[in-house]
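Written below as structure tokens is the structure these notes are about.
What you are looking at is a predicted structure, and each value in this text was computed from that prediction instead of being measured.
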Amino acid sequence: MRAIVQLTAQHVHEPAGQAPTGTQPAALGAVGASPAGSSSAGSSSAGSSSAGSSSAGTIAQLRAQVERVQGRRLDAPVLPVHPALASLLPGGGLRPGSAYSLPRSTSVLLALLAQPSQAGSWCGVIGMPRLGAEAAEGLGVDLSRLVLIPDPGARWLAVTSTVAEVLPVVAVRPSGRAADGEISRLAARLRDRGAVLLVQGPWPQAEAVIEVGEPTWEGVGRGHGYLSGRAVTLTSSSRRWPRSRRARVMLPDAAGHVSAAPERMRPVEALPAESRESFPQLIRAVG
């Protein structure tokens with residue numbers, strides 16, 4: 001088994017200084033205003049071209065203002081996730097500079113870390129001393145890009161903020177409440193560094209909130225058999241969607257990985273007695 005990196009809280013220190021704050025956007029009413037002294041004469045084709053360029057300039061300036069307010073580009077690429085989980089995340093992946101609220105499920109967390117680590121992103125896990133390396137590798141996490149900080153102590157938020165300075169994906173299980181000001185500073189640091197934060201528990205202004213429910217184990221018959229997988233229903237809510245989204249996934253499947261749960265076949269319904277009597281008797285006894 002490949003080695004993983006473990007750190008202790010004593011080796012992590014919060015850097016001094018505040019996160020830079022962005023400038024306030026200009027008033028939207030000033031966007032796309034025509035320059036003074038522009039001529040209104042010209043052919044209809046020239047006027048149409050001018051209107052088109054003015055509209056494009058207005059859209060570009062509005063887009064720049066929204067990006068400045070949000071602290072990230074709207075078309076910025078997302079970190080990949082397993083296809084079975086992509087529909088649960090805005091943009092189909094983990095958006096840099098954003099935080100996600102997860103249930104206290106190790107399987108869900110590892111399933112989200114698998115694809116980013118395989119794609120080359122280093123991942124840090126803070127405050128989860130019982131997280132097993134074998135389970136992480138089984139769900140696809142690249143252990144050569146995994147950093148574990150099992151016990152950050154009471155300064156878990158400072159440790160998380162420091163790790164987010166150097167690692168693109170950081171997962172944490174909070175050990176206590178944090179002040180609103182500290183959370184805001186961490187959010188600014190995430191946007192500045194383009195890091196992704198996965199929090200096991202509630203988190204303000206999360207890009208998406210994922211919940212797990214309806215677990216069903218596969219492989220057990222009438223009191224006997226071998227467990228071959230577990231199907232769960234993942235529900236995701238986001239301020240970018242009008243309603244929640246749901247996905248039924250195997251976590252894990254028979255091979256120990258994450259996959260989409262197969263659709264159940266409807267049971268065959270018996271024909272009514274009158275329908276059965278209408279069919280000709282095609283079977284006869286022989287011998």
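Nearest heavy atoms, W156 versus V172: CE3-CG2, 3.9 Å. When every heavy atom of A136 is checked against every heavy atom of L143, the shortest pair comes out as CB-CD2, 4.1 Å. Looking at every heavy atom in both residues, D142 comes nearest to S144 through OD1-OG, 2.7 Å. G140 and Q118 make their closest contact through O-NE2, 2.6 Å (heavy atoms, listed as atom of the first residue, atom of the second, distance). Here the closest heavy-atom approach between residue A247 and residue A84 is recorded as CB-O, 4.3 Å. Smallest separation of non-hydrogen atoms from P90 and A208: CD-CB, 4.0 Å.
When each of V81, V78, L79 is checked for a side chain to side chain contact (heavy atoms under 4.5 Å, CB included) with L89, only V81 meets the rule. With P174 as the partner, the side chain to side chain contact (heavy atoms under 4.5 Å, CB included) test is satisfied by one option alone out of V199, T160, L157: V199.
Atom CG of L251 and atom OG of S107 lie 4.5 Å apart (nearest 0.5 Å). Taken from CG in L234 to CD in E214, the straight-line distance is 10.5 Å, to the nearest 0.5 Å. The structure places CG of D151 at 11.5 Å from CD1 of I126, a figure rounded to the nearest 0.5 Å.
Under the 4.5 Å side-chain criterion, counting only non-hydrogen atoms from C-beta, L102 is in contact with L112. Side chains of T235 and I210 form no contact here, defined as non-hydrogen atoms less than 4.5 Å apart. Put simply, the side chain of L198 reaches to within 4.5 Å of the side chain of L94, judged on heavy atoms. By the 4.5 Å heavy-atom criterion applied to side chains, S161 and E182 are not counted as neighbours. Side-chain contact check for H82 versus H257: every heavy-atom pair is 4.5 Å or farther apart. Looking only at side-chain heavy atoms (C-beta outward), P204 and I183 come within less than 4.5 Å of each other. Annotation: side chain of M250 is in contact with side chain of P262 (closest heavy-atom distance under 4.5 Å). Contact check for R95 versus Y100: side-chain heavy atoms found under the 4.5 Å cut-off.
Sparse packing is recorded around CD of Q205, with 12 or fewer heavy atoms of other residues, nucleotides or ligands lying under 6.0 Å away.
For the residue pair R155 and T162, no side-chain donor N or O sits within less than 3.5 Å of a side-chain acceptor on the partner. Between the side chains of S117 and R145, no donor-acceptor pair of N or O atoms lies under 3.5 Å. Inspection of the R245 and S236 side chains reveals no N or O donor paired with an N or O acceptor under 3.5 Å.
Judged as a salt bridge (charged side-chain N to carboxylate O under 4.0 Å, His left out), and not counting sequence neighbours, R104 has no contacts.
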Start with the C-alpha gap between L167 and V147, add the side-chain angles, then the distance that decides, and say whether side chain to side chain contact (heavy atoms under 4.5 Å, CB included) holds.
CA-CA 9 Å; L167 300 185; V147 177; 4.1 Å; yes

Before giving the answer on side chain to side chain contact (heavy atoms under 4.5 Å, CB included), spell out for L197 and W203 the whole-Å C-alpha distance, their side-chain angles and the decisive distance to 0.1 Å.
CA-CA 10 Å; L197 179 64; W203 194 256; 4.0 Å; yes

Test side chain to side chain contact (heavy atoms under 4.5 Å, CB included) on D253 and V258 and set out the steps.
CA-CA 6 Å; D253 58 16; V258 57; over 6 Å; no

Verdict with reasoning, L131 to L110, per side chain to side chain contact (heavy atoms under 4.5 Å, CB included):
CA-CA 9 Å; L131 188 144; L110 295 179; 4.0 Å; yes

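Electrostatic pairing of R246 and E211 does not count as a salt bridge here, judged by no charged N lying under 4.0 Å from a carboxylate O.
Listed for the S101 side chain is no donor-acceptor partner under 3.5 Å among the backbone atoms of A206.
Linking Ile, Leu, Val, Met, Phe, Trp and Tyr whenever their side-chain heavy atoms come within less than 4.5 Å leaves V209 and V108 in two separate clusters.
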